[in-house]
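To start, the structure itself, in structure tokens.
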Amino acid sequence: MSRPELQAPPEIYYGDIEAKKYTQNTRIQQIQADMTYRALELLNLPPDQPAFLLDIGCGSGLSGEILEEEGHTWVGVDVAPSMLEVALERELEGDLFLQDIGQGFGFRPGSFDGAISVSVIQWLLNAETSHPSSSPPRRLTRFFTTLHSALRNPSRAVLQFYPTSDDQIQLITSIAQKAGFGGGVVVDYPNSKKAKKVFLCLFVGSGGGQQVPKGLEGEEGEEAEDRAKFERRRQREKRRKDSKKKGIKDRDWILRKKELYRRRGKEDVPRDSHYTGRKRRPVF
């Protein structure tokens, strides 16, 4: 079967039917969860601190909901309207933008503490028209240049993708470096055809002193452990949705949100109190 990015542009391939099928597929849910957890690990964010993250090609929010569970605030961009419609129906916390990443981003410089992307940037390797501005090098250049600007210094971006050749990896990494990024490629399970995953781990700032993380070794990883982790994630998501339906917000969740808003300079953030996170009785 031909790869999706070779069949049609993403905004066409992921129409209403395909977007819902993608989101409801438990195998895809597991893959997205595994890749998102791994991307967060490679981001190497300060422990126990909420971050403001960019989810590139967020789709229907399968990765975004994990960012929420880990205590982060996120903004998602995607070029497929049907995917974003599904994300809206799922009532996720992230802000969503309809955006062709090959045209670059319009965020203010230094907006984000980090960025992740799961199974997206290979779509930039296919020219959609014969116009020179649609060539893969032009689209990749706009993508990496504006992404570098949108990230604070220092920070990281971790982009998981599916290259078809070493030449594609070389093209992507060389353009990222020209845009100002440090870092390189991380390959998990390089000897396994089934479990092999390629990540582009990019650094902003720190004088180039950061070391590219090592990839995971082995054949297919700890499959049982991955499955158990995914099941735990599903249970946490179920509890989160149940609480959301009841209108209850966890105290720790509220405190993390407040701290993030203060760091971003938002005014009029309510002070923490003994009653934060408690359900208030109605006043008649």
Side-chain angles (χ1 to χ4, degrees), residues 10-11 35-36 39-40 42-46 49-59 61 63-64 66-68 70-80 83-84 87 92-125 133 136-161 171-186 199-208 210 212 257 259-266:
E11 63 272 27
M35 294 302 96
T36 304
L40 283 172
L42 293 172
L43 273 184
N44 194 32
L45 296 166
Q49 291 186 24
F52 186 43
L53 302 177
L54 177 63
D55 186 357
I56 302 166
C58 63
S63 50
I66 294 175
L67 300 182
E68 292 174 20
E70 296 300 308
H72 304 301
T73 299
W74 60 283
V75 168
V77 297
D78 202 281
V79 73
M83 279 291 205
L84 295 178
L92 300 171
E93 296 288 341
D95 293 325
L96 304 173
F97 290 86
L98 182 64
Q99 173 73 52
D100 177 3
I101 61 174
Q103 297 299 321
F105 302 104
F107 299 112
R108 289 184 299 178
S111 293
F112 298 98
D113 299 319
I116 70 164
S117 180
V118 177
S119 308
V120 172
I121 61 173
Q122 69 266 11
W123 291 86
L124 295 176
L125 296 170
S133 64
R138 293 281 187 91
R139 289 172 62 78
L140 286 165
T141 297
R142 289 192 293 266
F143 169 71
F144 283 117
T145 301
T146 55
L147 175 60
H148 187 278
S149 174
L151 294 170
R152 69 172 177 81
N153 184 353
S155 64
R156 292 187 182 188
V158 176
L159 316 174
Q160 182 271 328
F161 67 108
L171 174 66
I172 289 172
T173 54
S174 64
I175 293 177
Q177 290 169 357
K178 290 178 182 178
F181 284 106
V185 174
V186 177
F199 295 84
L200 191 60
C201 189
L202 301 175
F203 307 147
V204 177
S206 295
Q210 300 187 62
V212 178
K257 285 283 189 178
E259 178 60 27
L260 180 63
Y261 288 149
R262 294 186 184 111
R263 286 176 55 203
R264 292 167 58 190
K266 186 174 181 179

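Remember, it's a predicted structure, so these values are computed and weren't measured experimentally.
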Note: L84 and L96 closest approach over all heavy atoms is O-CD1, 4.1 Å

CG of L43 to CD of E70, rounded to nearest 0.5 Å, is 11.5 Å

Please examine the side chains of H148 and V204, heavy atoms only from C-beta on, and report whether any two atoms are closer than 4.5 Å.
yes

Less than 4.5 Å apart, side chain to side chain, heavy atoms only: is that true for L98 and D78? no

**Request:** Report yes if some heavy atom in the side chain of L147 is under 4.5 Å from a heavy atom in the side chain of F181; otherwise report no.
**Result:** yes

CD1 (I175) and CZ (R139) are apart, to the nearest 0.5 Å, by 12.0 Å

Any side-chain heavy atom of F144 within less than 4.5 Å of one from Q177? no

Correct closest heavy-atom pair for Q49 and H72 would be O-CE1, 3.7 Å

Q.
So does F52 get a backbone contact from the side chain of D113, meaning a donor-acceptor N/O pair under 3.5 Å?
A. yes

In V120, D100, L159, the residue satisfying side chain to side chain contact (heavy atoms under 4.5 Å, CB included) with F143 is L159

CG of D95 to CG of D55, rounded to nearest 0.5 Å, is 12.5 Å

What one should report as the nearest heavy-atom pair of A87 and G59 is CB-O, 3.9 Å

What one should report as the nearest heavy-atom pair of L151 and A157 is CD1-CB, 4.0 Å

CD1 of I172 to CD1 of I121, rounded to nearest 0.5 Å, is 4.5 Å

Problem - From CA spacing to verdict: side chain to side chain contact (heavy atoms under 4.5 Å, CB included), V212, V186 - result: CA-CA 7 Å; V212 178; V186 177; 3.7 Å; yes

When every non-hydrogen atom of P50 is compared with those of G71, the smallest separation belongs to CB-O, 3.3 Å

Heavy atoms of C58 and S63 approach each other most closely as O-OG, 4.4 Å

When rounded to the nearest 0.5 Å, the distance separating CG of L200 from CD of Q160 is 11.0 Å

- Got L140 and L125 here, is their nearest side-chain heavy-atom distance under 4.5 Å? yes

**Request:** Establish, yes or no, whether a centroid distance under 6.0 Å links the rings of F112 and F105.
**Result:** no

With a 4.5 Å heavy-atom cut-off, do C201 and V158 have their side chains touching?
-> yes

Between the CD atom in E93 and the CG atom in L67, the distance rounded to the nearest 0.5 Å is 12.5 Å

Subject >> Min side-chain heavy-atom separation F107-T146 under 4.5 Å >> reply: no

State, with a plain yes or no, whether a side-chain heavy atom of W74 is found less than 4.5 Å away from one of L92. yes

### Message
When you measure from the side chain of R142 to the backbone of G102, do you find a donor-acceptor pair of N or O atoms at a distance under 3.5 Å?
### Response
yes

